**Student:** 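Handing you a structure now.
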Amino acid sequence: MVYECEDCQKQWYYNVKKCIFCQGDVVALAPAKSTVRGITKIEIPSPGHTRVPYCDLLLEDEYGNFEIRKSFSDHEVGDMLEAESRETKKVAKSRTVGIVGAGTMGSGIAQICAQTGYHVLMIDRHEETARKALIKIDKALSKTTKDELKQEILSRVKATTNLYEMEHADLVIEVLTEDMELKKEVFKELDSECSADTIFRNQHLFSLCN
Amino acid sequence: MYVTGIGRTKFGTLTETMPELIYQAMYNAINDSPVSIEDIGAVYVSNFIGGPSEKQLHLNSVVSSLLPELRLPIIRVETACASGSSALYQAIIALSRFENVLIVGVEKMSNATSSECSQNLGMAGDRMADQMQGLIFPAHYALVAQQHMQKYGTTHEDLELVAFKNHNNSRLNPLAHFSHKDVTLEMIKNAPVIASPLNLFDCSPISDGAAAVVISKNSKSDRDVKVTGSALATDHISLSHRKVHTSLEAAKVASKQAYELAGVTPKDLDIVEVHDCFTINELVAMEDLGICKPGESKDWVREERTAIKGDVPINTDGGLKADGHPIGATGLAQVFEVTTQLRGEAGERQVDGAEVGLTHNIGGVGGTAVVHILERRG
């Protein structure tokens with residue numbers, strides 16, 4: 001991902017937020033397509049990349065910026081590919097992440113999931129907490145994202161107090177306070193609301209086995 | 001300022017520990033120099049992956065342990081594969097304060113498996129943009145090679161000629177990793193592919209070793225070699241963060257500055273040590289250093305103009321490819337070779353009448369570039 005200063009157009013490959021040259025706001029550029037400019041096929045495994053061979057592609061986007069992308073598919077120089085973020089979003093668009101608990105951690109996870117393209121259901125027992133979480137995400141996005149994109153991301157986040165809405169979730173992430181009894185109660189309810197395919201994820205210290 | 005002493009160990013798969021290698025190189029450099037260890041004002045120690053490979057950091061204190069009771073200012077320098085030359089660059093700046101400075105570079109790589117080594121070396125690339133995409137180091141330079149081939153018509157046969165020359169040179173260097181190994185063009189051509197288009201013989205080996213250099217503000221003997229240019233430049237860490245992939249901009253910037261400081265041009269060079277971590281980088285270096293024009297390096301190699309008896313001899317010690325590439329020591333081993341050549345002490349691989357030499361040391365895929373120019377004391 002490339003980030004650009006809105007004022008002086010200097011670019012970064014890290015989410016730096018503010019321009020060190022002119023103090024302008026730095027926003028993410030979102031390319032739609034990339035062209036394969038170079039390919040190397042790697043034949044030797046390394047930790048984290050044990051399945052070989054695989055290709056590393058040198059891609060150039062419509063802004064003239066480059067990225068490296070690992071691929072197990074065959075490509076040729078000149079091939080056009082969709083930007084990885086869009087490919088991820090394609091998959092994400094059909095998936096819903098449920099987040100139980102709308103505190104600091106819950107709203108942060110919700111924001112990242114929504115930015116990636118997932119639909120997000122954020123649930124909290126307290127309506128006020130759920131509402132504040134939405135405001136928090138709105139504020140956080142305002143610092144790094146153009147308004148049009150921010151509205152698109154926010155449109156994927158729904159805050160609710162109804163646990164039964166979790167029936168639509170493909171993945172449920174639980175970020176409740178460290179109260180074992182409360183967790184047991186919530187997971188029992190989730191078990192009856194969610195489909196058999198739903199994946200549960202506990203974000204805290206207690207093991208689900210408990 | 002002058003190089004007043006040089007020393008190194010053999011490069012290869014060695015039994016010595018990292019401290020033992022450091023000591024051997026320092027001992028040899030001091031032994032070679034009129035400067036005694038008591039006259040050294042500061043030490044710079046260069047190393048890249050002592051942390052992940054040997055679980056040993058705080059190397060400056062290790063060096064202090066090797067110099068009992070001196071309690072010198074000692075600083076570790078790390079700029080990936082350019083660590084050795086970066087330490088020299090810093091040491092030269094330190095001559096404003098000290099009369100003599102010792103620089104020692106070391107790497108102990110053979111204790112790790114090749115897979116671990118690959119991961120450790122990968123740390124010279126960007127964590128997210130490169131490492132997470134499986135862009136191991138041969139793959140970085142494979143992309144450079146592929147772009148160079150696409151743009152200039154360079155072929156793998158040209159890269160084979162680079163490997164062949166450097167292996168032949170290493171046969172004349174008893175300290176080289178592959179000094180014992182006869183290599184044929186057939187072996188090079190048929191080696192297994194690592195990251196296309198590069199095969200095993202395009203890659204420098206995993207070497208242990210150390211090298212050390214003593215520099216002084218004032219000349220100490222007629223064997224001294226003058227340092228007339230010293231420059232370091234940096235660039236984006238990932239190849240993919242740059243727009244040009246057939247040259248390393250940092251190397252162009254550093255060499256331009258070094259030439260200006262020394263008051264010489266590429267035409268004046270008699271002996272050059274370049275960072276051939278992968279064969280393609282020898283060709284790219286020739287172009288970045290202005291030895292030839294972009295795209296012409298392949299012609300130079302085909303015409304053997306970089307051989308020991310050629311117009312501009314390159315990597316007379318075998319280069320990283322065949323002398324070896326113990327990362328932290330590499331830049332200083334280049335200075336060792338150029339100094340040896342300028343002193344006229346290179347034996348069978350001596351370049352006749354060598355007066356001006358250059359070292360070109362690269363970190364990562366051009367994120368750091370350091371160029372030094374050395375001249376025979378006039």
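Keep in mind the model is a prediction, meaning the values are calculated, not measured. Throughout, protein chains are lettered first and strands after them, A, B, ... in sequence-line order, and every chain is numbered starting at 1.
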**Student:** Any donor-acceptor pair under 3.5 Å linking the side chain of A:Glu43 with the backbone of B:Val193?
**Tutor:**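 No, because the side chain of A:Glu43 does not come within donor-acceptor range (under 3.5 Å) of the backbone of B:Val193.
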**Student:** Answer yes or no: are there more than 12 heavy-atom neighbours, outside A:Gln9 itself, under 6.0 Å from its atom CD?
**Tutor:**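 Check passes, neighbour count above 12.
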**Student:** Is the number of heavy atoms from other residues, nucleotides or ligands under 6.0 Å of B:Arg302 CZ greater than 12?
**Tutor:**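 Yes - once you tally the heavy atoms of other residues, nucleotides and ligands closer than 6.0 Å, there are more than 12.
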**Student:** Which bit of B:Gln131 comes within less than 4.5 Å of chain A, counting heavy atoms only: side chain, backbone, both or neither?
**Tutor:**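 It is the backbone, since no side chain atom gets that close.
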**Student:** At what distance, to the nearest 0.5 angstrom, does CG of B:Asp130 lie from CD1 of A:Ile68?
**Tutor:**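 One finds 6.0 Å between CG of B:Asp130 and CD1 of A:Ile68.
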**Student:** Any heavy-atom pair between the side chains of A:Thr40 and B:Tyr141 that's under 4.5 Å?
**Tutor:**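 When only atoms from C-beta onward are counted, A:Thr40 and B:Tyr141 do not touch, as no gap falls below 4.5 Å.
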**Student:** Check whether any side-chain heavy atom of A:Arg37 lies under 4.5 Å from a side-chain heavy atom of B:Leu143, and answer yes or no.
**Tutor:**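 No. Closest side-chain heavy atoms not under 4.5 Å.
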**Student:** For chain A, which residues from residues 108-120 of chain B have at least one heavy atom closer than 4.5 Å to it?
**Tutor:**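 The list, in residue order, reads B:Ser115, B:Ser118, B:Gln119.
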**Student:** For chain B, which residues from residues 47-58 of chain A have at least one heavy atom closer than 4.5 Å to it?
**Tutor:**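 So the qualifying residues are A:Pro47, A:His49, A:Tyr54, A:Asp56, A:Leu58.
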**Student:** Counting heavy-atom pairs closer than 4.5 Å to chain A, which one of B:Ile194, B:Asp126, B:Ile136 comes out on top?
**Tutor:**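 Among the listed options, the one with the most contacts to chain A is B:Ile194.
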**Student:** Ring centres of B:His236 and A:Tyr13 under 6.0 Å apart?
**Tutor:**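 They qualify: ring centres under 6.0 Å apart.
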**Student:** Other residues, nucleotides and ligands only: do more than 12 of their heavy atoms fall within 6.0 Å of CD1 on A:Ile20?
**Tutor:**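 It does not: A:Ile20 CD1 has 12 such atoms or fewer within range.
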**Student:** Report the option among B:His245, B:Gln150, B:Met132 that has the most heavy-atom pairs separated by less than 4.5 Å from atoms of chain A.
**Tutor:**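 Looking at each of B:His245, B:Gln150, B:Met132 in turn, B:His245 comes out on top.
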**Student:** Under 4.5 Å heavy-atom distance to chain A, tell me which part of B:Ile237 shows up: side chain, backbone, both or neither.
**Tutor:**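 Looking at B:Ile237, just its side chain touches chain A.
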**Student:** Does any backbone or side-chain atom of B:Met128 lie under 4.5 Å from a heavy atom of chain A? Answer side chain, backbone, both or neither.
**Tutor:**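 The answer is neither part of B:Met128.
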**Student:** More than 12 non-hydrogen atoms from neighbouring residues, nucleotides or ligands closer than 6.0 Å to NZ on B:Lys256, yes or no?
**Tutor:**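 No, the 6.0 Å shell around NZ holds no more than 12 heavy atoms from other groups.
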**Student:** At a 4.5 Å cut-off on heavy atoms, which part of B:Ala139 comes close to chain A: side chain, backbone, both, or neither?
**Tutor:**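 Both parts, backbone and side chain.
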**Student:** Using a 4.5 angstrom heavy-atom cutoff, name the option from B:Ser196, B:Ala129, B:Pro192 with the most pairs to chain A.
**Tutor:**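 Among the listed options, the one with the most contacts to chain A is B:Ser196.
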**Student:** Taking all heavy atoms of B:Gln133 and all of A:Lys70, pick out the closest pair and write down the distance.
**Tutor:**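 So the two residues come closest at OE1-N, 2.8 Å.
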**Student:** Are any side-chain N or O atoms of A:Glu60 and backbone N or O atoms of B:Lys243, one a donor and one an acceptor, separated by less than 3.5 Å?
**Tutor:**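 Such a contact is absent between A:Glu60 side chain and B:Lys243 backbone.
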**Student:** Would you name the heavy atoms of B:Gln146 and A:Gly38 that are closest together and state the gap between them?
**Tutor:**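 The answer is OE1-CA, 3.0 Å.
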